[in-house]
Amino acid sequence: MLKRKGGREREREETSTFIIISLTYWVHRWRNLTYDGKLPPGSMGLPLLGETLQFFYPNTSSDIPPFIKERMQRYGSVFKTSLVGRPVVVSTDPDLNYFIFQQEGNLFQSWYPDTFTEIFGQQNVGTLHGFMYKYLKNMVLNLFGPESLKKMLSEVEQAACKKLQVWSLQETIELKEATASMIFDLTGKKLISYDPDCCSENLSENFVAFMQGLISFPLDIPGTAYHKCLQGRKRAMEMLKNLLHKRRATPRKCPIDFFDYVLEELQKEGTLLTEAIALDLMFVLLFASYETTSLALTMAIKFLTENPLALKQLTEEHETILDNRDYIDLGLTWKEYKSMTFTFQVINETVRLANIVPGIFRKSLRDIQFKEYTIPAGWAVMVCPPAVHLNPEKYEDPLAFNPWRWEGVELKGATKNFMAFGGGMRFCVGTEFTKVQMAVFLHSLVTKYRWQAIKGGNIVRTPGLQFPNGYDIQIVPKNTTHMSKSSEQKDICSRHSCG
């Protein structure tokens with residue numbers, strides 16, 4: 001019995017030793033990948049998990065994300081890592097970034113992790129390539145192109161004026177939530193004739209749940225942010241699908257919104273558009289309107305509140321527009337919009353510092369040589385805009401809000417040192433729409449109102465930008481003298497000649 005027991009113990013010990021050796025070898029191979037070419041330096045982290053936890057770790061810095069900055073200092077401007085089980089080359093090199101964007105469809109193609117595809121849909125515009133992507137891009141340009149925006153300018157101004165008037169009657173507003181609702185309602189109207197006052201379901205509430213887990217650890221278990229995100233998408237997609245079917249049953253003779261245009265495309269013989277692609281496209285457009293522009297606008301107000309000289313010059317620019325009119329109550333014209341030189345400088349500086357998009361993903365289609373390194377075929381590549389936008393060699397005092405740095409600089413697309421709206425053939429088609437909404441809102445705000453910060457305003461990146469405690473402000477008409485006198489509040493505007 002003793003001998004038999006000893007033999008079993010030895011078998012167990014040998015099995016355990018074999019497992020430990022195998023795991024150690026597997027981990028070693030994972031962390032030290034070999035390739036015919038020379039891979040960029042870096043760590044692959046743990047098998048399967050990689051460095052995903054470090055990548056998603058929250059930080060409160062406005063600087064280059066610690067995950068990126070620490071590895072730049074250790075490995076250089078190009079390094080390898082692993083995120084959600086996928087080997088990734090991270091690029092903070094302006095030359096490589098520019099090369100990646102210019103070689104879209106040739107050496108690289110748009111790619112996002114499987115979790116993003118699950119969130120935005122299998123047929124979302126980010127996963128489509130070649131002719132199909134260009135087809136959808138042209139569809140969107142019919143809505144957000146310059147000619148359409150000229151006609152939409154008065155609607156944007158009316159929406160801003162209406163909301164500002166309502167907000168000025170409230171003690172305070174949470175700016176990110178309020179601007180998100182304003183922009184969502186406007187875009188929802190243009191896309192699907194969405195009217196929150198008449199609709200039995202609140203579509204934007206689904207996007208609140210969606211946003212809470214969009215850039216979170218991808219764990220689909222009830223109670224997690226990621227699970228809530230997927231549930232938010234599911235409900236939003238059900239609403240859009242039901243609306244599509246209702247429209248099909250009772251089509252309108254003349255197109256009024258983007259959905260009408262989509263339905264016309266779906267009914268054409270030999271069309272490339274499918275219902276799944278159309279619904280995913282609508283979802284992405286509504287998401288973009290809800291989140292990205294409202295974040296940029298909130299950051300712009302925050303920066304202006306903290307920088308009275310910039311606010312003063314911005315206000316003077318917009319008051320000059322009113323002074324030059326024959327009739328002050330006339331709405332904004334396209335010529336007036338295009339004359340907002342300093343406003344565009346403020347917008348450029350805001351999106352440079354905000355870095356709302358922490359990473360832009362592509363996939364290499366073949367082995368690619370960059371300097372002494374090889375990017376293997378099939379590997380993901382993440383372009384890191386914050387590392388470009390906060391590079392002290394290109395931007396003096398890069399963390400400072402300085403809209404004057406853009407004086408005399410005309411941006412018609414992405415450059416090696418500015419990629420807030422993407423780059424290459426996938427340069428964001430909604431860029432001009434975003435600028436219109438921001439410029440028109442700022443015009444309505446600084447010409448008619450003044451404001452003060454009440455509470456919040458601190459940011460967290462996970463790695464996406466968030467306001468965990470919101471950003472509450474008080475807005476009052478310029479002809480009103482009373483503002484809250486709490487000792488904790490800062491009446492930035494009234495003390496610095498903005499009204």
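- In this structure, the side-chain hydrogen bond (donor to acceptor under 3.5 Å, both in side chains) partners of Lys69, at least two apart in sequence or on a different chain, are Asp63.
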Please walk me through it: do Asn355 and Leu390 pass side chain to side chain contact (heavy atoms under 4.5 Å, CB included)? CA-CA 9 Å; Asn355 286 306; Leu390 302 174; 3.9 Å; yes

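- The shortest distance between side-chain heavy atoms of His245 and Glu275 falls below 4.5 Å.
- For the residue pair Asp367 / Thr374, no side-chain donor-acceptor distance below 3.5 Å is found, with atom types taken as modelled.
- A donor-acceptor contact shorter than 3.5 Å links the side chain of Gln345 to the backbone of Pro403.
- Within the 4.5 Å cutoff, the side chain of Val381 has no heavy atoms near those of the Ile368 side chain.
- Under the 30°/60° scheme for interplanar angles, the aromatic rings of Phe342 and Trp404 are found to be tilted.
- With contacts defined as side-chain heavy-atom distances shorter than 4.5 Å, the pair Glu155/Lys190 qualifies.
- Between Val346 and Phe401, the closest side-chain pair of non-hydrogen atoms falls below 4.5 Å.
- Contact detail for Val388 and Tyr395: the closest heavy-atom pair is O-CE1, 3.7 Å.
- In this structure, the side chains of Leu279 and Met237 come closer than 4.5 Å at one or more pairs of heavy atoms.
- A heavy-atom distance below 4.5 Å is not found between the side chains of Val383 and Arg362.
- Taking the six-membered ring for Trp, Phe108 and Phe361 have ring centres at least 6.0 Å apart.
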Under the side chain to side chain contact (heavy atoms under 4.5 Å, CB included) criterion, do Trp334 and Leu153 qualify, and how do the steps go? CA-CA 7 Å; Trp334 191 253; Leu153 194 64; 4.3 Å; yes

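- When atom types are taken as modelled, the side chain of Lys80 and the backbone of Pro40 share a donor-acceptor pair closer than 3.5 angstrom.
- Atom-to-atom distance recorded for Ile64:CD1 and Cys384:SG is 7.0 Å, nearest 0.5 angstrom.
- In this structure, the side chain of Thr187 does not engage the main chain of Phe184 through any donor-acceptor pair within 3.5 Å.
- More than 12 heavy atoms of other residues, nucleotides or ligands sit less than 6.0 Å from atom CD of Glu372.
- A salt bridge links Lys302 with Glu306: at least one charged nitrogen is closer than 4.0 Å to a carboxylate oxygen.
- Remark: Leu304 CG to Thr350 OG1 distance equals 6.5 Å, nearest 0.5 Å.
- A distance-only check finds no donor-acceptor pair linking the side chain of Asn391 to the backbone of Ala387 [under 3.5 Å].
- Heavy atoms from other residues, nucleotides or ligands lying under 6.0 Å from CD of Gln369 number more than 12.
- For Ser181 (side chain) and Ala178 (main-chain N/O), no donor-acceptor pair under 3.5 Å exists by modelled atom type.
- Legend: salt bridge (charged side-chain N to carboxylate O under 4.0 Å, His left out) pairs involving residues 344-353, not counting sequence neighbours, sorted by first then second residue: Glu349-Arg352, Glu349-Arg405.
- With 3.5 Å as the limit, one finds a donor-acceptor pair spanning the side chains of Gln466 and Thr462.
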Verdict with supporting geometry, Glu51 and Ser43, side chain to side chain contact (heavy atoms under 4.5 Å, CB included): CA-CA 8 Å; Glu51 296 187 306; Ser43 170; 3.7 Å; yes

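- In this structure a side-chain-to-backbone donor-acceptor pair under 3.5 Å is present from Thr92 to Ser77.
- The backbone N or O of Ser82 lies less than 3.5 Å from no partner atom in the side chain of Arg86, so there is not a single donor-acceptor pair.
- Annotation for Glu432: atom CD counts as buried by contact number, over 12 foreign heavy atoms lying within 6.0 Å.
- Among all heavy-atom pairs drawn from Thr179 and Ser294, the shortest one is OG1-CB, 3.6 Å.
- Checked against side-chain hydrogen bond (donor to acceptor under 3.5 Å, both in side chains), Asn59 has no partners two or more places apart in sequence or in another chain.
- Side-chain atoms of Arg248 and Leu266, non-hydrogen and from C-beta on, do get closer than 4.5 Å to each other.
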Kindly determine whether Met299 and Leu465 satisfy side chain to side chain contact (heavy atoms under 4.5 Å, CB included), including the steps that lead there. CA-CA 10 Å; Met299 288 298 291; Leu465 175 64; 3.9 Å; yes

Quick one: do Lys268 and Glu265 satisfy salt bridge (charged side-chain N to carboxylate O under 4.0 Å, His left out)? Show the steps, please. CA-CA 5 Å; Lys268 288 180 181 178; Glu265 287 292 310; 2.7 Å; yes

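- With a 4.5 Å cut-off on side-chain heavy atoms, Leu96 and Val78 count as touching.
- Side chain of Asp257 to backbone of Ser193: a donor-acceptor contact under 3.5 angstrom is found.
- Within a 6.0 Å sphere centred on CZ of Phe303, other residues, nucleotides and ligands contribute more than 12 heavy atoms.
- Relative to the ring axis of Tyr373, Lys38 does not place its NZ or CZ within 45° and under 6.0 Å from the centre.
- Without hydrogens or angle criteria, Asp280 side chain to Ile277 main chain gives no donor-acceptor distance under 3.5 Å.
- Of the possible polar contacts, none joining the Tyr471 side chain to the Ile173 backbone as a donor-acceptor pair under 3.5 Å is found.
- For OH of Tyr57, the number of neighbouring non-hydrogen atoms (other residues, nucleotides, ligands) closer than 6.0 Å is 12 at most.
- Less than 6.0 angstrom separates the ring centroid of His389 from the ring centroid of Phe418.
- Ion pairing between a basic and an acidic side chain is recognised when a charged N comes within 4.0 Å of a carboxylate O; Lys371 and Asp93 show such pairing.
- Remark: Lys150 NZ is packed, more than 12 non-hydrogen atoms of other residues, nucleotides or ligands lying under 6.0 Å away.
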